[in-house]
Structure formats: C-alpha cells, structure tokens
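What follows is a set of notes on a single structure, which appears directly below.
From a predicted model like this one, the values you see are computed outputs, not experimental measurements. Numbers here are sequence positions counted from 1. Scope of the values below: all heavy atoms of this structure, side chains included, with no hydrogens, waters or symmetry mates.
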Amino acid sequence: MPLRGIYRPECVFFGEMIPPESLSRSRRVSSRCDLMLVVGTSATVQPAAFMPLIAKEAGARVIEINYEPTPLTGRVADYTLLGRAGDAMNRILAGLESV
C-alpha cells in the first residue's frame with residue numbers, strides 16, 4: 001500500500017528552530033574543522049552565520065564563495081571567491097581532480 005500524506009524533507013525552513021542536537025553538533029564540528037567552505041549565503045541569519053566565526057577562532061581557514069560580499073568578506077574569510085557558487089565549486093573540483 002502506498003504511503004500517504006505530506007512528506008517533509010530533512011531540512012530547516014526559514015523561520016523554524018534548528019533542532020538543539022543539530023545545533024550542538026554544528027558548533028562542535030565547526031570548532032574542530034581545519035577548513036570551512038561557506039557557500040552561497042548572506043552570512044547574516046543566526047545561528048548558522050556564527051559557525052564560520054567558531055571555526056576561525058579555533059584556527060580553521062575559511063573560504064567564502066558567494067555572489068556578493070557578506071559580513072565575512074575581509075574579516076573572517078581567509079579567501080573570498082565572488083561569483084556564482086556553482087561555477088566556483090566546479091572550478092575548485094576541476095582543480096582538485098588535476099592534482
């Protein structure tokens with residue numbers, strides 16, 4: 001018998017609370033990473049916008065990839081690639097494949 005009802009993707013919609021265990025894990029992982037890619041975001045919506053700051057304070061390199069500058073640009077990000085996120089990610093992947 002087919003399942004019925006409304007299916008919900010495993011994501012947090014704008015205006016919803018992030019589940020506490022997910023937020024705790026995000027903070028923990030951010031504080032332990034060596035490199036953080038911040039891709040396609042305004043970097044203004046909290047608490048997610050705070051994760052690059054946590055990573056940076058823990059010594060990680062932060063690479064920002066975005067269409068326009070954000071509050072991370074020139075302050076938190078070690079490198080900023082301005083342009084379309086998909087194009088930038090394809091260039092990065094192509095470069096990694098050639099190594």
Considering non-hydrogen atoms only, spot the tightest contact between [X] and [Y] and give its length.
X: A58; Y: S31; result: CB-O, 3.2 Å
X: V12; Y: P19; result: CG2-CD, 3.9 Å
X: T70; Y: S42; result: CB-O, 3.5 Å
X: M36; Y: C33; result: CB-SG, 4.1 Å

Between the CG atom in L82 and the OG1 atom in T73, the distance rounded to the nearest 0.5 Å is 6.5 Å
Can you measure from OG1 (T44) to CG (L72) and round to the nearest 0.5 angstrom?
-> 9.5 Å
State whether the side chain of S30 and the backbone N or O of S26 hold a donor-acceptor pair below 3.5 Å, judged by distance alone.
-> yes
So, do L23 and E21 sit near enough that their side-chain heavy atoms are less than 4.5 Å apart?
-> no
With a cut-off of 6.0 Å (strictly less than), are more than 12 heavy atoms of other residues, nucleotides or ligands near OH of Y79?
-> no
So if you build clusters from Ile, Leu, Val, Met, Phe, Trp, Tyr with side-chain heavy-atom gaps below 4.5 Å, do V38 and L81 land together?
-> no
Sequence neighbours left out, cut at 3.5 Å: what donor-acceptor pairs do the side chains of residues 46-57 make with other protein atoms?
unit_1	atom_1	unit_2	atom_2	d
Q46	OE1	F50	N	3.4
K56	NZ	D78	OD1	2.5
K56	NZ	D78	OD2	3.0

Validation: residues 84-99 side-chain donor-acceptor distances under 3.5 Å, sequence neighbours left out:
unit_1	atom_1	unit_2	atom_2	d
N90	ND2	G86	O	3.2
S98	OG	G95	O	2.9

